[in-house]
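What follows is a short report on a single structure.
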Amino acid sequence: AMESLVIPGDNYYYAKNGYPQDYEKAFMYYMDAARCDHHWGYFNVGTCYLEGQGVTKNDDEARIWFRKAEKKEDNPWATFWLAELGDAIAALRVSGYYATGSKSGWGMEKNPDKSEDFYTKAKNFIAEKHDALTALHASEYFATGSMADFGIPQDADKATEFRNKAREYAMESLVIPGDNYYYAKN
């Protein structure tokens, strides 16, 4: 029954099977599928928000819907778009998908270059935000292999790298506010 909501949505979105292209109607069908807890409904609502098709472009809303799609069913394309929207852990997972080819059925064949690109994105996202907590999570995932099924393999060197970044960023978060008070900055 829920699939019956996604199909007309796709027909309107992509103007196929004799349907006119109508992003607003597509969004309506996708939203109805999402309300029925359908993972492709969630994903397609996220895509509409990401692209601004049928609804005002809104990256924050896109993230919400892609997370729902990812949680409902291990949807690597939802993870991919979360990575593209700045989610470091999602970027690590996509890096793992390309490193192993574990999601080749989803069009993510083994590709070391793409794997390295997403690994670099993850490191950059963490560095841009000086995000100690996410760096710590990444370190734990690499240290234990607890997320291996989700594309983040056990890797002691990467665990150490992220653990060191977590320490560095945690120390900054303690020192900088202290310096600001001491020197009456900001």
Side-chain angles (χ1 to χ4, degrees), residues 1-111 114-115 117-126 128-129 131 133-134 137-138 140-141 146-153:
M2 291 172 278
E3 199 67 34
S4 66
L5 296 171
V6 173
I7 293 169
D10 284 350
N11 287 335
Y12 280 116
Y13 194 89
Y14 298 106
K16 55 186 197 176
N17 298 322
Y19 285 71
Q21 190 160 54
D22 187 328
Y23 294 123
E24 287 83 13
K25 283 186 181 177
F27 180 78
M28 179 190 69
Y29 278 103
Y30 293 152
M31 184 57 82
D32 286 345
R35 286 186 187 113
C36 292
D37 198 33
H38 192 274
H39 73 100
W40 282 115
Y42 294 143
F43 179 81
N44 290 328
V45 168
T47 301
C48 288
Y49 276 114
L50 179 69
E51 301 295 330
Q53 303 288 3
V55 66
T56 303
K57 181 175 173 40
N58 185 324
D59 289 350
D60 292 331
E61 280 292 321
R63 278 185 200 90
I64 290 167
W65 292 100
F66 288 139
R67 280 196 208 296
K68 288 180 179 200
E70 187 183 48
K71 286 180 181 173
K72 178 67 181 169
E73 184 167 309
D74 184 24
N75 182 325
W77 286 110
T79 307
F80 176 90
W81 286 115
L82 286 167
E84 290 291 336
L85 288 165
D87 183 309
I89 298 300
L92 289 174
R93 289 179 63 188
V94 173
S95 172
Y97 299 157
Y98 283 120
T100 63
S102 64
K103 300 296 182 183
S104 61
W106 291 79
M108 295 181 177
E109 284 73 24
K110 189 172 184 174
N111 185 322
K114 285 186 178 183
S115 175
D117 288 347
F118 277 92
Y119 180 72
T120 300
K121 280 183 185 192
K123 290 191 331 185
N124 290 342
F125 294 150
I126 291 170
E128 286 168 10
K129 297 176 185 171
D131 188 344
L133 185 59
T134 302
H137 286 302
E140 179 68 17
Y141 298 149
S146 63
M147 293 289 283
D149 290 345
F150 297 101
I152 303 174

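Here the structure is a predicted model, which means the values were calculated and not measured.
- Taking all atoms of both residues into account, the shortest heavy-atom contact from Trp81 to Leu50 is CE3-CD2, 3.5 Å.
- Between the Tyr29 side chain and the Ser4 main chain, no donor and acceptor come within less than 3.5 Å of each other.
- Atom NZ of Lys110 is surrounded by 12 or fewer heavy atoms from other residues, nucleotides or ligands within 6.0 Å.
- In this structure, the side chain of Tyr13 does not engage the main chain of Ala26 through any donor-acceptor pair within 3.5 Å.
- Without hydrogens or angle criteria, Ser115 side chain to Asn111 main chain gives no donor-acceptor distance under 3.5 Å.
- Using a 4.0 Å cut-off between charged nitrogen and carboxylate oxygen, Arg35 and Asp32 count as a salt-bridge pair.
- Heavy atoms of other residues, nucleotides or ligands lying less than 6.0 angstrom from OH of Tyr141 number more than 12.
- Using a 4.5 Å cut-off on side-chain heavy atoms (C-beta onward), Asn75 and Glu70 make no contact.
- A ring-centre distance under 6.0 Å is found for Phe27 and Tyr49.
- By the 4.5 Å heavy-atom criterion applied to side chains, Asp74 and Lys103 are counted as neighbours.
- Side-chain rings of Tyr12 and Tyr23 stay apart, their centers remaining 6.0 Å or farther from each other.
- Residues forming a salt bridge (Lys or Arg N to Asp or Glu O under 4.0 Å) with Asp131 (at least two apart in sequence, or on another chain): none.
- One distance of note links CD of Glu84 with CZ of Arg63; it measures 11.5 Å at 0.5 Å rounding.
- Here the side chains of Asn44 and Trp65 are not in contact, with every heavy-atom distance at 4.5 Å or above.
- To the nearest 0.5 Å, atoms NZ (Lys129) and OG1 (Thr134) are separated by 7.0 Å.
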